[in-house]
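Reviewing the structure listed below.
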Amino acid sequence: MTKFPVALICSLSALFTVKPFSGYSQTTPAPTPPDLRITRFSGPSVTPSPACLAVAPTGEVFVGVDMMGSLGKDAGKGRILKLVDRDNDGKMDQHTEFAVVDNPRGIIVMGPQVFVLHTTFSAETGKATGMALVVFEDKDGDGKADGPPTPLVEHLSNTKYIQERGTDHATNGIRMGIDGWIYIAVGDFGFHNATDRSGKKLTMLGGGIVRVRPDGTEMEVFSHGTRNVYDVAIDPYMNIFTRENTNDGGGWNVRFSHHLQSGEYGYPVLFQHFTDEIIPALADLGGGSGTGALFMAEPTWPAKYNNVPMMADWGRSMLYIHRVTPDGPTFTQKEEDFIALPQITDLDVDGSGRLYLSAWDGAGYSGSDTIGFVVRAVPNNWTYKAFPDPGKASVGELTDMLKSASAVARLSASQELLRRADPQGTAAALQIASDTQQPLYARVAGLYTYAQATGKEGIAALVALTKDAGLREHALRALADRKGVLADVPEQPFLDGLQDASPRVRAAAIVGLGRLGRPDAAAALLQTKVPASFVAPLKSPEGPHATPNAAIVLPHLAVRSLLELQATDALIAAINGPNATLALWALRYVHEEKAVNGLITAYRLSKNAKVKKQILTTLARLYKKEDTYDASWWWGTRPDSHGPYYKAVLWAGSPVIEKFLKREAQKAGPANMGLYRDLDARHRMEIAAFAPLKPTEPVAAKEVKVDLEKIKNKKGQVGKSSIEDVLIAVKQIKGDPAKGKVLFTNQGCVACHSLSRSEKMKGPFMGQIGSIMNRERIAESILKPNASISQGFATVTITAKGNKSYVGFVTEETAAKVVLRDIAGDVYTVKTADIISRKEMKTSMMPAGLANALSYEEFAALVSFLAQQKK
C-alpha cells in the first residue's frame with residue numbers, strides 16, 4: 001500500500017523489527033497533550049490490524065480491519081466494522097460487521113452510503129485482481145451493508161505488483177472535498193486502465209491524486225509525481241495536503257506537499273536532474289512514513305489545534321500538526337508533534353468534535369489478529385452535543401448547517417441538499433454564497449453546493465460571482481470544475497483572472513483555461529512570467545525537490561495548461577519572442593514532428609545565444625520519449641530516478657534531432673563539444689558522437705571485507721544472555737557513541753549499511769535511523785533481524801539465462817537492468833530481459849548474532865551511536 005505497514009516498509013530504510021512505540025504498549029496509556037482526553041475506544045479483540053477508519057457525522061465509527069497487511073497475499077482476512085458508543089464515555093458499546101472486503105485502504109461515510117477502497121481477489125484463482133472503489137448502502141440502518149457493493153472505479157492499481165508484493169505501494173486513502181469530488185491517494189504502483197462507472201479509462205505511471213464523482217463518473221488525474229502517498233487532507237478552501245516519501249535510495253525521507261490541480265511533483269524521473277520543472281514539496285521532514293491525514297476544522301477544538309492539517313506518521317508513531325502559512329499561490333509549513341500513537345494508521349472526526357485514531361501497534365507487515373486498537377480524543381473542556389442526522393433535517397436546518405463553523409457539518413449538509421435536489425435548498429446555497437456578511441468558509445460551501453446542484457443552468461450565477469473579490473478564486477474553479485458543461489462556460493472571466501492581484505486567483509484562472517481547452521487562450525497563458533529560479537539543478541544526487549518555491553507555481557501551471565490546449569503552433573511562434581522561456585519549457589513535452597521542425601527553424605533564425613541554448617536543451621529532451629505503459633514494467637523499490645524518462649524509446653522525430661545536433665556540434669568544433677556531451681548525459685540520448693572521451697565510471701573505492709560468520713560465532717556477554725536481559729541492560733547503560741562508531745565497522749555493520757548519502761547506497765540506510773527509532777527498537781532490530789524486513793531490503797533470488805542465479809538485495813533498478821548486492825558486498829548487474837524468475841525470501845540477509853561477541857557496554861555504545869544518526 002502506500003504507506004502503512006508499507007509506510008515503514010518504504011521509509012524506515014532498514015531491516016527493523018516492527019514494535020509498539022516505546023512506553024506505549026497495548027496496556028500503557030498514550031503520551032497525551034495535557035489539554036486533551038484520550039480513551040481506548042476499541043481493542044484488538046474487535047479491531048485488530050486497523051488499516052483505516054472513517055466516522056459518520058453522527059459518530060458511528062467504521063474501521064477497516066486488515067489482517068492481510070501490506071505484504072500478505074491471502075484473501076479473506078479483511079472487513080469493515082461499524083462501532084457505536086451509545087453512552088458517549090469514549091468506549092465502544094456495540095459493533096457489527098458492516099461488510100467483508102480484503103485490504104481495506106480508505107473509507108468515507110456519507111448518509112446511508114459507505115465508500116470503500118480495497119483490494120479485489122478472484123474467487124477462482126484466489127489471486128489479487130486489482131483495487132476498486134466501491135459503495136455500500138445501509139438503508140435499513142441495521143449496521144450491515146444491504147448487499148453487494150456497487151463498483152465505482154475498478155483496476156485502481158497495478159495487478160502485477162499487487163500479486164507479487166501485496167498491497168504495499170498501491171492505492172489508499174479517500175476523502176471527499178466540499179466540491180463533492182472523492183479524492184484518491186494513489187501510491188507509486190500507479191495503475192493501468194482504471195475504469196470508472198461510465199467506462200472511461202485512465203492509466204497513470206506512478207503515484208499522485210485521482211478524483212472521481214460519488215456516482216463513479218468523470219474520473220480524472222488531479223496531480224501526479226508522488227511516491228507512496230497514503231491519504232489526503234482537504235481544507236475548506238480545497239487546498240490539498242499530503243505527507244509522502246521522497247526519492248528511493250536516498251534515505252526515504254518524508255515530504256509535506258501542497259497539491260495544486262494539474263501539478264507535477266517529480267517522482268521519480270524528475271527528482272534528480274529536472275527539479276526546475278516540478279512543483280517542489282514544502283518540506284523534507286527526515287525519516288518517517290506518512291499514513292492517514294485530516295484537515296481539522298471543528299469549532300469544538302482549541303484554536304491551537306484547529307484549522308490545521310493533521311498528518312499521521314506510521315514510522316514515527318506520531319500524529320503531527322503542520323502549521324501552514326500562505327505564500328503566494330501555495331504555502332510554507334512548520335511541523336509540530338501532537339499525539340503519540342504506536343504505528344498510527346488513520347484518523348477522522350465527527351460532527352460533535354470527537355477525533356478517532358487507529359493504531360497498528362506492531363501488527364507487522366502481514367497483519368495480526370491479536371494486535372491493534374482505536375482511541376478517541378477530545379479536548380478537556382469538550383462536552384458532548386449530539387450532531388443532528390442530516391437525513392432527518394429540514395431544508396432550513398440543512399441551510400443553517402451549511403453556514404456552520406464545522407467542516408463536517410458543511411460537507412454533510414451540502415451532500416444531503418444535493419441528494420434531495422430541492423430547489424429551495426439550491427436557492428439557499430446561492431444566497432449563502434452571495435452574502436458578503438457570511439464567513440468565507442460558508443460562502444465557499446454554498447458556492448460549490450450550488451454549482452453541483454445546477455450544472456449548466458448555474459453558469460450565469462457563477463460568472464456573476466467572479467466579480468466578487470472574496471469569492472473569485474472559487475467561482476473560477478467551480479466554473480471549470482465539470483468538463484461536461486465547459487462548452488457553455490465563457491472564457492473572459494478566466495482571462496480577467498490572469499490579471500488579478502491575487503496569485504491564488506491567477507492560479508485558478510490558469511488551471512481553468514487549460515480545462516476549457518480553447519487554443520486561443522495560449523497567447524494569454526504564454527505571458528505568465530518565469531522566475532529566475534527556473535534553473536536546472538546542479539549535477540548532484542537530487543535537485544531541490546522539497547524546497548518551497550512559490551514563484552515557480554504559476555508558470556508551472558501555465559505550462560500544464562498550454563499542454564492541455566495542444567497549443568503547438570502558439571508555442572513555436574513564441575520561441576523568438578519575449579515569452580520564449582515558457583514556450584520552450586512547454587515544448588519539452590511536445591513529441592510532435594511539427595514541434596521538432598519548428599524548434600530547428602527557430603534556432604536558425606535566432607540571434608540570441610541564450611535562446612539558442614534553450615532550444616538545444618529542448619531538442620535534447622525530445623530526442624527520446626516515455627514508452628507506452630502496458631503495466632508489464634515500471635515499479636521497483638529502487639527505481640531509476642535519473643530521468644527524464646523511465647523507459648525511454650526513440651520516435652519519429654529522433655533521427656531529425658540527432659542529425660541536427662550532430663551538425664551543430666560539428667560547427668561548434670571540438671572546443672565546444674562539452675555542451676553536447678552534457679546534453680547527452682543529462683537527457684540520456686546515448687548518441688555515439690557525444691560519448692565522453694574517456695570512461696567516466698569512477699574507480700570503485702575499496703570496501704571493507706568483513707567475515708560475518710566469524711563475527712557471529714564469537715560468544716561474549718550479549719551472546720550468552722537472553723534478548724530480554726540484553727534489552728534491560730541497554731536501557732540502563734548510556735553507552736559511548738564514539739566507541740559505537742568503531743564497533744559499527746568492527747562488527748560488520750559497514751558491510752551492508754551506509755551512514756551518509758554521499759556514500760554509495762548499500763543495504764538499509766543508517767544515516768537517519770535515530771530520527772525513526774528509539775534505542776530500544778534499534779537494539780531489538782539488531783538482535784532479531786528476521787522479525788520484520790523493510791521493503792526494498794528483502795533478500796531477492798534471481799534466476800537468469802545461462803543457468804545463472806543471484807542472491808542479494810536490489811540496489812538499483814531500471815527498465816533494462818537490476819543491480820544486486822550480496823552479503824559479501826559484491827555487486828551484480830542482471831539484464832531484465834535475461835531474468836527467468838525473481839522471488840523475495842522471507843529471511844533477512846543480515847545474520848542473527850552479529851552482536852554476540854559484545855559486552856553490554858559495547859552493545860549499548862553501538863546502539864547509542866546509531867541513535868545519534870538523524871541526518
Side-chain angles (χ1 to χ4, degrees), residues 12-24 251 253 286-288 315-317 337 701-785 787 790 793 823 825 844-871:
L12 289 193
S13 319
L15 310 169
F16 291 134
T17 305
V18 181
K19 286 293 179 183
F21 187 75
S22 178
Y24 185 14
N253 287 2
R316 297 189 190 180
S317 293
D337 292 3
K702 288 188 177 181
E703 296 186 15
V704 178
K705 292 291 183 180
V706 181
D707 189 339
L708 297 180
E709 285 297 316
K710 183 177 180 181
I711 291 172
K712 76 177 186 179
N713 288 327
K714 291 182 179 180
K715 297 294 181 183
Q717 195 173 12
V718 169
K720 295 175 182 178
S721 305
S722 70
I723 289 177
E724 289 74 19
D725 286 343
V726 176
L727 292 176
I728 291 171
V730 168
K731 203 167 186 178
Q732 296 172 344
I733 301 171
K734 184 177 180 180
D736 182 353
K739 292 181 179 178
K741 183 176 182 179
V742 175
L743 289 164
F744 184 81
T745 297
N746 293 345
Q747 294 308 118
C749 308
V750 70
C752 293
H753 303 289
S754 303
L755 292 171
S756 169
R757 291 189 181 86
S758 62
E759 302 174 43
K760 184 176 180 59
M761 289 296 110
K762 304 175 184 177
F765 179 61
M766 291 291 159
Q768 62 182 186
I769 187 58
S771 67
I772 301 169
M773 289 185 172
N774 60 19
R775 294 177 79 250
E776 182 180 1
R777 290 176 68 194
I778 292 172
E780 284 185 297
S781 300
I782 297 170
L783 297 171
K784 298 190 292 184
S790 285
F793 301 111
I823 192 65
S844 168
M845 279 210 313
M846 176 179 171
L850 291 183
N852 282 352
L854 303 181
S855 66
Y856 286 165
E857 288 77 7
E858 289 172 325
F859 186 60
L862 175 60
V863 170
S864 295
F865 169 69
L866 291 172
Q868 285 187 348
Q869 306 309 304
K870 300 181 180 181
K871 299 171 185 176

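Count residues from 1 along the sequence.
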Closest non-hydrogen atom pair between Pro737 and Gln868, with its separation =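 Heavy-atom minimum between the residues: CG-NE2, 3.2 Å.
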
Contact summary for Ala861 and Leu743, nearest pair of heavy atoms =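 Nearest pair, atom of Ala861 first, then Leu743: CB-CD1, 4.4 Å.
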
Report the C-alpha distance between Leu866 and Phe744 in whole Å, list the side-chain angles of each, state the deciding distance to 0.1 Å, and finish with yes or no for side chain to side chain contact (heavy atoms under 4.5 Å, CB included).
-> CA-CA 9 Å; Leu866 291 172; Phe744 184 81; 3.8 Å; yes

Donor-acceptor contact below 3.5 Å, side chain Ser864 vs main chain Lys734 =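 Yes; judged by distance alone, with no hydrogens or angles, the pair exists.
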
